[in-house]
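Before any comments, here is the structure.
So that the names make sense, note that chain A is the first sequence line, chain B the second, and so on, each numbered from 1.
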Number of protein chains: 2
Amino acid sequence: MPRVGLSREKVLAAALALVDREGIAALSMRRLGAELGVEAMTLYYYVPNKDAVLDGLIDMAVSRVTVEPVGPWREWLRAFAVAIRRELLAHPALLPLVATRPVLAPGGLATVERMAAALRAEGFGALEGLQLVNAVATFVVGHTLAEAGRTPGHDEPDVTGVMESLDPGEHPVLVEALRAGLGTPEDHQERFDRALDALLHGLAPRGKS
Amino acid sequence: MPRVGLSREKVLAAALALVDREGIAALSMRRLGAELGVEAMTLYYYVPNKDAVLDGLIDMAVSRVTVEPVGPWREWLRAFAVAIRRELLAHPALLPLVATRPVLAPGGLATVERMAAALRAEGFGALEGLQLVNAVATFVVGHTLAEAGRTPGHDEPDVTGVMESLDPGEHPVLVEALRAGLGTPEDHQERFDRALDALLHGLAPRGKS
DNA sequence: ACGGTATTCTTACGGCGTAAGAGACGTCAA
DNA sequence: TTGACGTCTCTTACGCCGTAAGAATACCGT
């Protein structure tokens with residue numbers, strides 16, 4: 001059989017493309033192989049197992065988030081949060097992965113370290129700074145999950161359908177809020193911005209900035 | 001074969017017990033049947049498919065969180081957040097489910113509606129109140145995922161192992177923070193409390209309470 | 001005893017991750 | 001040219017999964 005010139009990187013790239021196009025449920029070793037014109041077992045030459053593919057995917061996504069921690073810490077921390085959200089929204093199928101797997105991959109750790117170092121240089125304690133970064137990161141993941149989270153099986157959960165069929169007698173406030181724009185992109189954006197501000201201003205320890 | 005006196009409720013209860021005991025990955029229809037002394041297909045008499053079992057599980061967990069929205073809104077909203085976190089920590093294997101599935105089940109909606117109504121009675125707009133509830137809920141889910149989240153396959157991700165093998169030269173601040181208690185239960189608790197306070201005080205619209 | 005309904009089981013299909021090892025290809029030494 | 005060797009790919013197989021289709025059983029009212 002002809003050599004195809006595969007590599008771990010090409011395998012991961014194909015996996016990301018497949019997942020973006022058809023969702024996480026479509027990612028199987030056989031299918032991924034087919035996508036690359038190769039049998040399933042061939043992939044095991046470049047990757048130890050499927051879990052490694054998944055870990056590779058989240059590391060790809062996380063590594064793309066790079067923020068220069070210069071200037072007022074609140075500003076670049078906010079930019080960090082915005083960048084995570086943008087990256088996650090760009091690959092919503094990865095959300096369940098990022099949410100469930102701890103961020104131990106090299107890419108993520110390096111970014112965290114750099115931000116923590118920058119914060120400590122501004123007078124934060126090491127633990128203090130990391131708690132802050134951590135709080136922001138977990139908030140963003142939680143928010144984005146609610147905004148664009150998909151159930152592994154079927155993408156695009158039918159939120160609107162369920163919402164529209166709500167009994168206004170049983171859930172009057174919910175119905176009213178829905179008519180006022182709850183769940184729209186603007187609503188998500190606004191809630192994200194305001195909650196993020198609340199965190200950034202409420203978590204600064206004893207008079208920083 | 002003798003009748004066993006099964007029911008949807010007993011199936012869900014067994015599923016929850018199984019998941020708590022052995023993790024989400026252990027929940028298969030055949031295994032769940034075996035747990036109940038029954039063949040896999042028998043379950044389909046009580047439940048349309050496996051997805052319905054999963055939905056039932058999260059509804060069970062979510063429904064157990066009931067908070068009486070009386071008194072100062074900040075206090076019962078905080079109690080709500082604490083209750084969600086406690087429930088999720090009690091069943092960490094459910095976290096990936098709760099995080100990925102939108103909370104459309106009847107139990108969750110009813111609670112949300114009651115809280116939104118209470119907030120509106122205190123002068124919040126319908127949308128305003130629901131945004132607040134929403135922000136708190138997504139924060140709690142995000143935080144708890146980071147605190148106790150498990151990868152569906154193997155429970156108890158080996159955080160400590162990876163952390164201990166960190167190169168102090170490459171990640172000095174991280175290592176320092178770890179020595180100072182990053183990742184301990186107390187650290188999680190403290191970060192949760194402080195971030196929650198920040199949210200509750202920073203998200204109140206124009207001078208409420 | 002009997003008919004009907006409620007409950008359970010059997011069988012089967014196509015898909016999954018991956019262990020084990022056989023086979024084909026390219027390269028280089030003899 | 002030949003052969004051996006490392007690199008890459010394929011074939012086969014196992015035991016799991018969710019579940020469609022329908023046969024078989026157990027119970028109940030008559």
Sequence neighbours left out, what passes side-chain contact (heavy atoms from CB on, under 4.5 Å) with [X]? Give chain and number order.
X        : result
A/Arg194 : A/Glu190, B/Leu203
A/Ala118 : A/Pro69, A/Trp76
A/Ala34  : none
A/Ala52  : A/Val47, A/Pro48, A/Asn49

Note to self: Test: salt bridge (charged side-chain N to carboxylate O under 4.0 Å, His left out). Region: residues 171-181 of chain B. Which pairs qualify, not counting sequence neighbours?
What the structure shows: A/Arg120-B/Glu176

Item checked: salt bridge (charged side-chain N to carboxylate O under 4.0 Å, His left out) partners of residues 87-98 of chain A, not counting sequence neighbours, each pair once -> A/Arg64-A/Glu87

Check: How far apart are the C-alpha atoms of A/Val19 and A/Leu94, what are their side-chain angles, what is the distance that settles it, and do they pass the side-chain contact (heavy atoms from CB on, under 4.5 Å) test?
Finding: CA-CA 8 Å; A/Val19 159; A/Leu94 290 186; 4.2 Å; yes

Mind listing the N/O atom pairs, protein and nucleotides 3-5 of chain C, below 3.5 Å?
none

Measure the distance from [atom1] on [X] to [atom2] on [N] and round it to the nearest whole Å.
X       : N      : atom1 : atom2 : answer
A/Lys10 : D/dC8  : NZ    : P     : 12 Å
B/Leu43 : C/dT7  : CG    : P     : 14 Å
B/Met41 : C/dA12 : CE    : C1'   : 11 Å
A/Leu6  : D/dC10 : CG    : C1'   : 14 Å

Notebook entry, point to check: Does A/Arg114 have any salt bridge (charged side-chain N to carboxylate O under 4.0 Å, His left out) partners at least two apart in sequence or in another chain, and if so, which?
Noted result: A/Glu68

Which atoms of nucleotides 16-18 of chain D (N or O only) lie under 3.5 Å from a protein N or O atom, and what are those distances?
unit_1 : atom_1 : unit_2  : atom_2 : d
D/dC17 : OP1    : B/Ser28 : OG     : 2.7
D/dC17 : N4     : B/Arg30 : NH2    : 3.4
D/dG18 : OP1    : B/Lys50 : NZ     : 2.7
D/dG18 : OP2    : B/Met29 : N      : 2.8
D/dG18 : N7     : B/Arg30 : NH2    : 2.5
D/dG18 : O6     : B/Arg30 : NH2    : 2.6

Next item on the list: Would you kindly compare A/Tyr46 and B/Pro48 by the position of their nearest DNA chain D nucleotide and give the one closer to the 5′ end?
Entry: A/Tyr46

Notebook entry, point to check: Under 4.0 Å: is that the gap between some side-chain N or O of B/Thr42 and OP1 or OP2 of C/dT7?
Noted result: no

Margin query: Is the phosphate of C/dT7 approached by B/Tyr45 (side-chain N or O, under 4.0 Å from OP1 or OP2)?
Written below: yes

Note to self: Check the orientation of A/His188 and A/His143. Use parallel for under 30°, tilted for 30 to 60°, and perpendicular for over 60°.
What the structure shows: perpendicular

Next item on the list: Go through the structure and list residues passing side chain to side chain donor-acceptor pair (under 3.5 Å) with B/Thr184, not counting sequence neighbours.
Entry: B/Glu186

Show me the donor-acceptor pairs, under 3.5 Å and distance only, between side chains in residues 78-85 of chain A and residues at least two apart or in other chains.
unit_1  : atom_1 : unit_2   : atom_2 : d
A/Arg78 : NE     : A/Asp197 : OD1    : 3.4
A/Arg78 : NH2    : A/Asp193 : O      : 3.2
A/Arg78 : NH2    : A/Asp197 : OD1    : 2.8
A/Arg78 : NH2    : A/Asp197 : OD2    : 3.4
A/Arg85 : NE     : A/Glu147 : OE1    : 2.9
A/Arg85 : NH1    : A/Gln189 : OE1    : 3.3
A/Arg85 : NH2    : A/Glu147 : OE1    : 3.3
A/Arg85 : NH2    : A/Glu147 : OE2    : 3.0

Next item on the list: Check each residue of residues 12-20 of chain A for a non-hydrogen atom within less than 4.0 Å of any atom in DNA chain D, then write out the ones that pass by number, or none.
Entry: none

Next item on the list: Return the 5'-most residue of the pair B/Glu39, A/Ala40 with respect to DNA chain C, ranking by each residue's nearest nucleotide.
Entry: B/Glu39

